[in-house]
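Notes follow once the structure below has been shown.
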Amino acid sequence: MNLGELLESDVVAAARHLLGWELRFGPLRARIVEAEAYRTPDDPACHAHRGQTPRNATMFGPAGKAYVYFTYGNHWMLNVVAHEPGNAAAVLIRALEPLEGLDEMRGRRLKATRDEDLLSGPGKLCQAFGITGELDGVDLFDGQGLHLVEGAAVTDVLTGSRIGITSGKEWPWRFVDAKAIRWASRPIKDLA
DNA sequence: GTCCGGATTACCT
DNA sequence: GGTAATCCGGACT
């Protein structure tokens, strides 16, 4: 099954297979090294668990769109919408390996002292790419603007519990490229 | 209208 | 490893 089919049917498998894909935005290019799955109706950590609101409406739409939201008063987060319209689910992009456009990323991430600090977190990568709520709902597979391009498949994947949530920790829906842990957002102590 | 908490980050020890 | 910062969305009175 290709990624498009996985996105429509199985957000957990889709999160796993999104590793290795490239995120592009103008001159910026970076490789997905960490992602997490969220879904309804059985996942209490999913924003859409308590139903549709204006904020999470994009997650209830068709797969393949960007769901971008604001949290903690400072940070934007980028997700890839999954499952069929009405069944809310999404893959949170948590970390990227920078490939091109490093200078532009550094220009937006003035607090980053090392290249490992550029994209190693969901809020950081949105800041480095200049992703804000204006991009909520854009098509990530149309080859223009902010979009995804298939890269070399990742074969060595670490799995663990999701970060920063209070319920739903028992599901190992966090995925990290084992050969790129240098770029991941957190240590991998519970990953196997 | 008010209150609480958050899919985080940055900075300090 | 711990915690302050920061402010919007959602739930509730």
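Residue numbering restarts at 1 for every chain, and letters A, B, ... go by the order of the sequence lines.
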Select one nucleotide: of [options], the one nearest the side-chain heavy atoms of [X].
X	options	result
Arg55(A)	dT8(B), dA7(B), dG9(C)	dG9(C)
Tyr69(A)	dT8(B), dA7(B), dA11(C)	dA7(B)
Thr166(A)	dA10(B), dG6(B), dA7(B)	dG6(B)
Arg109(A)	dT9(B), dA7(B), dA10(B)	dA10(B)
His47(A)	dG6(B), dA7(B), dA10(B)	dA7(B)
Met59(A)	dA7(B), dC8(C), dA11(C)	dA7(B)
Thr53(A)	dG10(C), dA7(B), dA10(B)	dG10(C)
Lys124(A)	dC8(C), dG6(B), dT9(B)	dT9(B)
Met77(A)	dG9(C), dA10(B), dT8(B)	dT8(B)
Tyr72(A)	dA7(B), dT8(B), dC11(B)	dT8(B)

Can you tell me how far [atom2] of [N] sits from [atom1] of [X], to the nearest Å?
X	N	atom1	atom2	value
Gln127(A)	dT9(B)	CD	C1'	9 Å
Arg162(A)	dA7(B)	CZ	P	11 Å
Arg50(A)	dG9(C)	CZ	P	17 Å
Phe70(A)	dA7(B)	CZ	P	14 Å
Asn74(A)	dG5(B)	CG	P	19 Å
Arg186(A)	dT8(B)	CZ	P	6 Å
Tyr38(A)	dG6(B)	OH	C1'	11 Å
Gln52(A)	dG9(C)	CD	C1'	15 Å

Notebook entry, point to check: Which word best sums up how the rings of Phe25(A) and Phe129(A) line up, parallel for under 30°, tilted for 30 to 60°, or perpendicular for over 60°?
Noted result: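 Phe25(A) and Phe129(A): parallel rings.
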Checklist line | Non-hydrogen side-chain atoms of Val91(A) and Val11(A) separated by less than 4.5 Å | finding: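 They are in contact (side-chain heavy atoms under 4.5 Å apart), so the answer is yes.
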Item checked: C1' gap between dG5(B) and dT3(C), integer Å ->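 That atom pair is separated by 16 Å.
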Next item on the list: Write down the partner of dG2(C) under the Watson-Crick or G-U wobble criteria, each distance required to be under 3.5 Å.
Entry: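 WC or wobble partner is dC11(B).
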Checklist line | Mate of dG6(B) where both pairing distances stay under 3.5 Å, Watson-Crick or G-U | finding: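 Base partner found: dC7(C).
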Note to self: Heavy atoms only, 4.0 Å cut-off, all strands: where does Ile165(A) land among base, sugar-phosphate and nothing?
What the structure shows: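 Here Ile165(A) touches the backbone only, sparing every base.
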Check: Does a nitrogen or oxygen in the side chain of Arg94(A) sit under 4.0 Å from OP1 or OP2 of dT8(B)?
Finding: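 Yes, Arg94(A) has a side-chain N/O under 4.0 Å of OP1/OP2 on dT8(B).
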Margin query: Please identify which of these residues, Val33(A), Val154(A), Thr155(A), meets the side chain to side chain contact (heavy atoms under 4.5 Å, CB included) condition with Lys179(A).
Written below: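 That would be Thr155(A).
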Check: Does CD in Glu84(A) sit with more than 12 non-hydrogen atoms of other residues, nucleotides or ligands closer than 6.0 Å?
Finding: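 12 or below, so no.
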Note to self: Check this for me: Glu134(A), atom CD, are more than 12 non-hydrogen atoms of other residues, nucleotides or ligands nearer than 6.0 Å?
What the structure shows: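 Not buried by this count: 12 neighbours or fewer within 6.0 Å.
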Next item on the list: Examine the side chains of Arg109(A) and Gln127(A) and answer whether a donor and an acceptor come within less than 3.5 Å of each other.
Entry: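 Side-chain D/A pair, Arg109(A) to Gln127(A): present.
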